[in-house]
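All values reported here derive from a predicted model rather than from experimental measurement.
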Amino acid sequence: MPDKKFEILNRETLFQGFFRVDRFRLRHELFAGGWSGPFTREVFQKSGRFAAVLPFDPKNDRLVLIEQFRAGVLAAGEHPWITEVVAGFIDGNETPEDTARREAREEAGCEISELHKIADYFSSPGSNSEHITLFAGRTVAPEDSTIYGVPHEDEDIRVRVLDATQAISLLYTGKIRDALTLIALQWFAMHHTGLRSRWLVSDVGTPII
């Protein structure tokens, strides 16, 4: 409810590195009326916002995912290489669309010719400021198992090119372990036929499938 009021009483930075942790002391209006008492919340701050893209080759009916090492998964005690969608920070004056196209080239060797926005959302709003703009992107799939990534960012990324039905099946076999990729693949599973048809129009504008 945008008309509800809140007040930040104090804000302090507990840690500043590549990421930042802030402690807020605040209060806000209550649904039942009046105001809450002062309380504290610690928030994990990421610099800027993110864009992500699920590259889709409609002609060959293939999706492009990537596989890379993730320290957060390691810290949780699990195998740290995961399969996920392309994603990255929105830099400088970039738009989310610019970032989606740039990251697709850097991480997967994909040139994106068209974008369809899937969602704008906060990944974990209770304690994290991360905001993601997620797209599906039209592309021509590269070769499977090719290696990409930006060396000075210590990226080592392997491309996984999957038939659309094979990629969707990952949802039901426990192979996808991050929320961003789950959201992207669930959306794709619901919109696969319509998206492919729209991107495979004939010269006279008649859908091919």
Side-chain angles (χ1 to χ4, degrees), residues 1-31 35-56 63 65-66 68-76 78 80 82-104 106-108 112 115-137 153 155 170-171 174-191 195:
M1 301 176 68
D3 58 336
K4 292 189 74 63
K5 297 181 176 62
F6 65 90
E7 182 180 3
I8 298 175
L9 304 173
N10 187 55
R11 175 177 180 170
E12 61 177 319
T13 298
L14 304 179
F15 172 80
Q16 176 69 68
F18 184 73
F19 301 117
R20 191 176 81 236
V21 178
D22 287 347
R23 177 183 289 142
F24 290 83
R25 188 168 183 268
L26 52 94
R27 66 185 190 127
H28 62 70
E29 288 186 314
L30 300 171
F31 290 113
W35 284 74
S36 72
F39 61 92
T40 61
R41 290 289 185 272
E42 293 175 3
V43 177
F44 182 74
Q45 301 271 19
K46 290 193 173 181
S47 343
R49 297 193 166 196
F50 291 75
V53 60
L54 178 64
F56 175 47
L63 284 175
L65 298 172
I66 59 174
Q68 63 180 320
F69 178 92
R70 289 304 197 189
V73 182
L74 172 70
E78 296 193 16
I82 68 172
T83 297
E84 57 188 4
V85 298
V86 168
F89 288 111
I90 298 174
D91 289 337
N93 295 321
E94 282 185 330
T95 65
E97 291 81 1
D98 293 335
T99 301
R101 288 187 165 93
R102 174 178 56 78
E103 291 289 344
E106 293 177 357
E107 295 191 346
I112 302 296
L115 288 167
H116 176 88
K117 184 184 283 188
I118 295 174
D120 280 303
Y121 69 96
F122 290 94
S123 62
S124 184
S127 61
N128 193 324
S129 64
E130 179 179 78
H131 179 275
I132 297 172
T133 302
L134 173 61
F135 300 94
E153 295 179 2
E155 291 181 335
L170 298 178
L171 288 169
K175 303 297 185 184
I176 300 302
R177 296 186 289 157
D178 71 290
L180 174 57
T181 307
L182 284 170
I183 291 168
L185 287 179
Q186 286 171 341
W187 180 92
F188 182 80
M190 292 187 292
H191 297 89
L195 182 67

Might you point out which heavy atoms bring Arg41 and Phe39 nearest each other, and give the distance in Å? NH1-CD1, 3.5 Å

Checking side chain to side chain contact (heavy atoms under 4.5 Å, CB included) against Thr99, which of Asp91, Thr133, Ile90 comes through? Ile90

Tyr121: what forms a ring-ring contact (aromatic ring centres under 6.0 Å, His included) with it, not counting sequence neighbours? none

Return the minimal non-hydrogen interatomic distance between Ala100 and Ala51, and the atom names on each side. N-CB, 4.1 Å

How long is the gap from CD1 on Ile118 to CG on Leu180, to the nearest 0.5 Å? 9.0 Å

Counting C-beta onward and ignoring hydrogens, is there a side-chain heavy-atom pair between Glu103 and Val53 closer than 4.5 Å? no

Sorted by chain and number, sequence neighbours left out, salt bridge (Lys or Arg N to Asp or Glu O under 4.0 Å) with Glu7 holds for Arg27

Partner set under side-chain hydrogen bond (donor to acceptor under 3.5 Å, both in side chains) for Arg70, not counting sequence neighbours: Glu84

Suppose we screen for side-chain hydrogen bond (donor to acceptor under 3.5 Å, both in side chains). Which residues come up paired with Glu12, at least two apart in sequence or across chains? Arg23

Spatial distance of atom CG (Asp178) from atom CD1 (Ile183) [nearest 0.5 Å]: 9.0 Å

Check side-chain contact (heavy atoms from CB on, under 4.5 Å) between Ala184 and all other residues, then give those that pass, not counting sequence neighbours. Leu54, Val85, Leu134

For Glu155, give me all partners under side-chain hydrogen bond (donor to acceptor under 3.5 Å, both in side chains), at least two apart in sequence or on another chain. none

Between the CZ atom in Phe135 and the CG atom in Leu115, the distance rounded to the nearest 0.5 Å is 5.5 Å

Going by the rule side-chain hydrogen bond (donor to acceptor under 3.5 Å, both in side chains), which residues pair with Asp22 if we only count those two or more places apart in sequence or in a different chain? Arg11, Thr13, Arg20, Gln45

Are Leu170 and Thr181 side-chain neighbours, meaning at least one heavy-atom pair lies under 4.5 Å? no

side-chain contact (heavy atoms from CB on, under 4.5 Å) partners for Ser127, two or more places apart: Ser124

Spatial distance of atom CD (Glu29) from atom NZ (Lys4) [nearest 0.5 Å]: 5.0 Å

Sequence neighbours excluded, the answer for ring-ring contact (aromatic ring centres under 6.0 Å, His included) partners of Phe56 is Phe188, His192

CD1 of Ile82 to CZ of Arg177: how many Å apart, nearest 0.5 Å? 6.0 Å

Are any of the side-chain heavy atoms of His116 and His191 separated by less than 4.5 Å? no

Could you tell me how the ring of Phe89 sits relative to the ring of Phe18: parallel (under 30°), tilted (30 to 60°) or perpendicular (over 60°)? perpendicular

Testing the basics here: between Pro38 and Leu9, what is the closest heavy-atom pair and its distance to 0.1 Å? CB-CD1, 3.8 Å

Looking only at heavy atoms, which two atoms of Leu171 and Ala189 are closest? And how far apart? CD1-CB, 4.4 Å

CA sep, side-chain torsions, deciding dist, call: Leu63, Leu185, side chain to side chain contact (heavy atoms under 4.5 Å, CB included): CA-CA 10 Å; Leu63 284 175; Leu185 287 179; 3.8 Å; yes

Run the ring-ring contact (aromatic ring centres under 6.0 Å, His included) test against Phe6 and tell me which residues pass, sequence neighbours left out. none

Just jot down the ring-ring contact (aromatic ring centres under 6.0 Å, His included) partners of Phe15, sequence neighbours excluded, or say none. none

With sequence neighbours left out, the residues meeting salt bridge (Lys or Arg N to Asp or Glu O under 4.0 Å) with Lys117 are Asp120

Nearest heavy-atom pair of Leu195 and Ala136: which atoms, and what distance? CD2-CB, 4.1 Å

